[in-house]
A.B. asks: 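Pasting a structure below so you can have a look.
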Amino acid sequence: MSDVDALKLKVKKLNAQATQAKMDLHDLSEELPTNWEKILEVAQTAYDAHKNLMAARKELAAATA
């Protein structure tokens, strides 16, 4: 497997994680004020997932340029 293929696989995996984190944040927001204590935890998870995804996309773009 080439480096580019490995990066594409990494981006695909991170995209799935970011999508799930987004849905978790959305679900939590619909349940408020129930589970309000989890806002920071769920938001941080979503932030981290999207930060990692954007970094991987940037890395992939640089590798394919």
Side-chain angles (χ1 to χ4, degrees):
M1 179 182 295
S2 72
D3 289 342
V4 172
D5 289 337
L7 284 172
K8 286 180 181 179
L9 187 59
K10 180 179 177 180
V11 166
K12 185 176 180 176
K13 180 180 176 184
L14 289 172
N15 188 58
Q17 291 173 354
T19 300
Q20 183 59 53
K22 176 182 73 169
M23 293 307 298
D24 292 345
L25 188 60
H26 177 265
D27 292 346
L28 178 63
S29 72
E30 288 188 339
E31 296 170 0
L32 290 174
T34 303
N35 294 325
W36 67 269
E37 305 92 348
K38 294 183 178 183
I39 292 172
L40 292 178
E41 175 187 341
V42 174
Q44 186 66 55
T45 299
Y47 175 87
D48 292 342
H50 283 84
K51 181 180 177 182
N52 293 337
L53 175 59
M54 294 302 116
R57 284 182 177 170
K58 186 176 181 179
E59 186 179 358
L60 178 60
T64 58

A.B. asks: Looking only at heavy atoms, what is the nearest atom pair of A46 and A21, with distance?
C.D. replies: CA-CB, 3.6 Å
A.B. asks: Between atom NE2 of H50 and atom CD of Q17, what is the distance when rounded to the nearest 0.5 Å?
C.D. replies: 11.0 Å
A.B. asks: Decide side-chain contact (heavy atoms from CB on, under 4.5 Å) for Q44 and L40; before the verdict, give the C-alpha distance in whole Å, the side-chain angles of both, and the deciding distance to 0.1 Å.
C.D. replies: CA-CA 6 Å; Q44 186 66 55; L40 292 178; over 6 Å; no
A.B. asks: Inspect the surroundings of CG in D5 and state if more than 12 heavy atoms from other residues, nucleotides or ligands are less than 6.0 Å away.
C.D. replies: yes
A.B. asks: As an exercise, state the distance from CD of Q20 to OG1 of T45, rounded to the nearest 0.5 Å.
C.D. replies: 11.0 Å
A.B. asks: Could you tell me the separation between the CD atom of E30 and the CG atom of L28, rounded to the nearest 0.5 Å?
C.D. replies: 10.0 Å
A.B. asks: Starting from V11, can I reach V4 by hopping between I/L/V/M/F/W/Y residues whose side chains sit under 4.5 Å apart?
C.D. replies: yes
A.B. asks: What I'd like to find out is whether the side chain of V42 reaches to under 4.5 Å of the side chain of D27, using heavy atoms alone.
C.D. replies: no
A.B. asks: Quick one: NZ on K13 to CG on L53, what's the gap to the nearest 0.5 Å?
C.D. replies: 13.0 Å
A.B. asks: In terms of hydrophobic clusters joined by side-chain contacts under 4.5 Å, are L25 and M23 together?
C.D. replies: no
A.B. asks: Name the residue from L14, N15, L7 that meets the side-chain contact (heavy atoms from CB on, under 4.5 Å) definition with R57.
C.D. replies: N15
A.B. asks: Begin from the C-alpha positions of K12 and K8 and carry the test side-chain contact (heavy atoms from CB on, under 4.5 Å) through to its verdict.
C.D. replies: CA-CA 6 Å; K12 185 176 180 176; K8 286 180 181 179; over 6 Å; no
A.B. asks: In terms of hydrophobic clusters joined by side-chain contacts under 4.5 Å, are M54 and L60 together?
C.D. replies: yes
